[in-house]
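The basis for the numbers below is simple: all heavy atoms, side chains too, and nothing from hydrogens, waters or symmetry mates. Fair warning: this is a prediction, and the values are worked out from it, not measured in the lab.
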Amino acid sequence: MKNIKLILIILFIFINSLYSQKMYLLNGPTGIGGLKMMKDYNKITINTVNAPNNMLSLIVKGEADIAAIPANMAAIIFNRQLDYKVIAVISETKLFIVSANNKIQTINDIKNNTVYCGTKLAAPDLMLQYLISKEQIPNVNINYSLSNPDLSKAVASKNADIAILPEPFVSSAMLENKDVHIVVEMSKYIDDYPVAVLIAKNYFINHNKILVKEILNEYKKSTDYIINNKEEIKNLIKERNMIINAEAAYYGLNRMGLVFYDGEKMKFALNSYYNFLYNFDKKLIGGKIPNDNFYYIEK
């Protein structure tokens with residue numbers, strides 16, 4: 001009997017060793033709030049992924065127990081009936097219209113001009129389109145020819161006169177050219193929406209509720225640490241080989257939209273954002289607004 005118990009214990013340990021619980025963060029601004037957690041926390045393996053498409057592949061295969069992803073991607077995953085729930089909001093929209101042209105100083109100067117924007121139908125584009133409509137700004141052309149990193153350089157070199165950018169790309173342009181300035185802070189015209197979230201596999205949640213609670217607490221602590229210890233961010237970015245301009249992240253941290261909240265506040269904020277996206281194009285969230293089963297709220 002003792003031998004059987006010993007064999008069962010060894011077998012249990014062996015099976016658990018095969019299943020390493022994994023958390024994935026996007027290698028870029030979305031993952032900044034988790035930098036301190038990546039360094040200090042070892043109860044789950046934390047890896048970074050370089051592109052949203054690579055992250056989606058891991059999720060479709062069920063290889064990610066927890067993942068930090070764009071909020072609209074989380075809705076699409078749910079509407080594809082993949083086995084995940086949203087567990088926290090980790091970033092909100094903080095967007096800025098910038099220029100190195102001293103003649104472009106206010107929102108009124110955007111009219112009859114071209115505004116460069118990184119990706120069509122991504123958050124900056126949607127917020128820009130909404131601003132143009134809401135404020136009735138005439139004759140604005142939106143150009144999508146450059147990605148955010150290239151657009152930041154184009155603004156600094158004055159090859160793009162006006163652009164809408166998030167941090168750290170705003171600060172990156174400012175560090176290259178002292179003439180770059182903020183023309184419009186979008187938060188003054190449009191509510192801040194939750195644009196990045198943590199999702200978790202249902203199986204993982206149901207079998208690890210204490211661990212999930214601990215992970216959420218650790219991510220919150222990590223985010224709070226980053227926000228309150230700005231001087232640490234450059235070293236943390238370099239230690240993790242994040243694809244971010246560390247100097248720009250340091251200067252732009254307060255404008256980066258790092259947050260952490262879960263529970264009913266998360267549900268209310270995401271539902272508002274999904275309604276906003278649905279009214280633009282329901283395909284952006286997978287065809288419909290997620291129902292209550294999408295949200296994990298600790299009882």
Side-chain angles (χ1 to χ4, degrees), residues 21-49 52 55 64-74 84-95 123 166-171 187 191-200 204-205 210-270 273 295-298:
Q21 295 162 330
K22 293 182 176 67
M23 178 175 182
Y24 290 93
L25 308 179
L26 280 172
N27 191 338
T30 301
I32 283 180
L35 281 171
K36 181 66 171 170
M37 183 179 179
M38 280 188 262
K39 181 177 180 179
D40 295 344
Y41 190 70
N42 58 14
K43 290 189 181 179
I44 188 169
T45 302
I46 306 176
N47 298 312
T48 56
V49 179
M55 181 74 86
D65 294 301
I66 297 179
I69 61 172
N72 70 307
M73 184 189 286
Y84 287 86
K85 289 182 183 289
V86 65
I87 60 174
V89 169
I90 59 171
S91 180
E92 292 183 334
T93 48
K94 291 290 183 183
L95 297 164
E167 287 289 2
F169 304 107
V170 172
S171 290
S187 294
D191 291 339
D192 291 333
Y193 285 116
V195 290
V197 298
L198 292 179
I199 63 169
F204 178 76
I205 293 171
I210 293 174
L211 180 59
V212 170
K213 183 176 181 179
E214 183 176 306
I215 288 169
L216 288 172
N217 185 55
E218 288 298 320
Y219 201 99
K220 183 181 186 305
K221 281 167 53 181
S222 177
T223 301
D224 290 344
Y225 183 88
I226 296 294
I227 292 170
N228 295 311
N229 294 274
K230 185 177 177 180
E231 67 283 354
E232 296 280 334
I233 192 168
K234 286 190 277 188
N235 287 335
L236 288 169
I237 287 171
K238 289 172 183 175
E239 284 173 9
R240 300 301 304 188
N241 295 315
M242 297 289 279
I243 309 172
I244 304 171
N245 182 325
E247 194 74 14
Y250 170 79
Y251 281 102
L253 182 64
N254 295 338
R255 294 191 294 257
M256 209 168 284
L258 292 182
V259 296
F260 184 93
Y261 52 88
D262 54 9
E264 293 294 337
K265 181 179 179 180
M266 166 190 72
K267 180 180 175 181
F268 179 82
L270 282 170
Y273 183 49
Y295 302 96
Y296 172 69
I297 298 175
E298 186 185 5

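Using a 4.5 Å heavy-atom cutoff, the side chains of Asp40 and Lys221 are not in contact. Contact of the Met266 side chain with the Val197 side chain is not registered, since no non-hydrogen atoms from C-beta on lie closer than 4.5 Å. Residues Phe204 and Ile44 have side chains in contact (heavy-atom distance under 4.5 Å, counting atoms from C-beta outward). At least one side-chain heavy atom of Asp224 sits less than 4.5 Å from a side-chain heavy atom of Lys220. Leu26 has its side chain within reach of Pro70: a pair of non-hydrogen atoms, C-beta onward, lies under 4.5 Å apart.
Closest approach of Ser187 to Asp192, counting heavy atoms only: OG-OD1, 2.7 Å. Smallest separation of non-hydrogen atoms from Gly31 and Met38: O-CE, 4.0 Å. Pairing each heavy atom of Tyr273 with each of Ala123, the nearest pair is OH-CB, 4.0 Å. What you find for Leu35 and Leu236 is that their closest heavy atoms are CD2-O, 3.9 Å. The two residues Leu95 and Pro166 come nearest to each other via the heavy atoms CD2-CB, 3.9 Å. Here the shortest heavy-atom pairing between Pro168 and Met256 reads CB-CE, 4.1 Å.
A distance of 14.5 Å separates NZ of Lys43 from CE of Met23, quoted to the nearest 0.5 Å. Once rounded to the nearest 0.5 Å, the distance linking CD1 of Ile32 with CD1 of Ile233 reads 4.5 Å. Atom CD1 of residue Ile297 and atom CD1 of residue Ile87 lie 12.5 Å apart, to the nearest 0.5 angstrom. Here the straight-line distance linking atom OG1 of Thr30 with atom CD1 of Ile90 works out to 6.5 Å at 0.5 Å rounding. Once rounded to the nearest 0.5 Å, the distance linking CD1 of Ile227 with NZ of Lys36 reads 14.5 Å. Separating the OH atom in Tyr295 from the NZ atom in Lys267 is a distance of 7.5 Å, to the nearest 0.5 Å.
At distances below 3.5 Å, not a single donor-acceptor pair connects side-chain atoms of Asn47 with backbone N or O atoms of Tyr24. Remark: side-chain polar atoms of Ser91 are not paired, donor with acceptor, to backbone N or O of Val195 under 3.5 angstrom. With hydrogens and angles ignored, the 3.5 Å screen pairs no side-chain donor or acceptor of Thr48 with any backbone N or O of Leu25. Checked by atom type and distance alone, the side chain of Tyr41 never pairs as donor or acceptor with a backbone atom of Ile46 at under 3.5 Å. Of the possible donor and acceptor atoms, none in the side chain of Glu264 sits under 3.5 Å from a partner among the backbone N and O of Phe268. A distance-only check finds no donor-acceptor pair linking the side chain of Ser222 to the backbone of Glu218 [under 3.5 Å].
Residue Lys230 places its NZ atom among more than 12 non-hydrogen atoms of other residues, nucleotides or ligands, all under 6.0 Å distant.
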Next item on the list: Under the side-chain contact (heavy atoms from CB on, under 4.5 Å) rule, what do Leu258 and Leu253 come out as? Steps first, then yes or no, please.
Entry: CA-CA 8 Å; Leu258 292 182; Leu253 182 64; 3.8 Å; yes
Next item on the list: Give the intermediate values and the outcome of side-chain contact (heavy atoms from CB on, under 4.5 Å) for residues Leu198 and Ile215.
Entry: CA-CA 11 Å; Leu198 292 179; Ile215 288 169; 5.6 Å; no
Check: Going through the distances and angles, do Tyr251 and Val170 end up as a side-chain contact (heavy atoms from CB on, under 4.5 Å)?
Finding: CA-CA 9 Å; Tyr251 281 102; Val170 172; over 6 Å; no
Next item on the list: Report the C-alpha separation of Leu211 and Gln21 in whole Å, then their side-chain angles, then the decisive distance to 0.1 Å, and conclude whether the side-chain contact (heavy atoms from CB on, under 4.5 Å) test is met.
Entry: CA-CA 11 Å; Leu211 180 59; Gln21 295 162 330; 3.5 Å; yes
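Taking the ring centre of Tyr250 as origin, the terminal cationic atom of Lys234 falls inside the region bounded by 6.0 Å and 45° from the ring axis. Under the 6.0 Å distance and 45° angle rule, Lys85 does not count as a cation-pi partner of Tyr296.
Residues Glu92 and Tyr261 have side chains that bring a donor and an acceptor to within less than 3.5 angstrom of each other.
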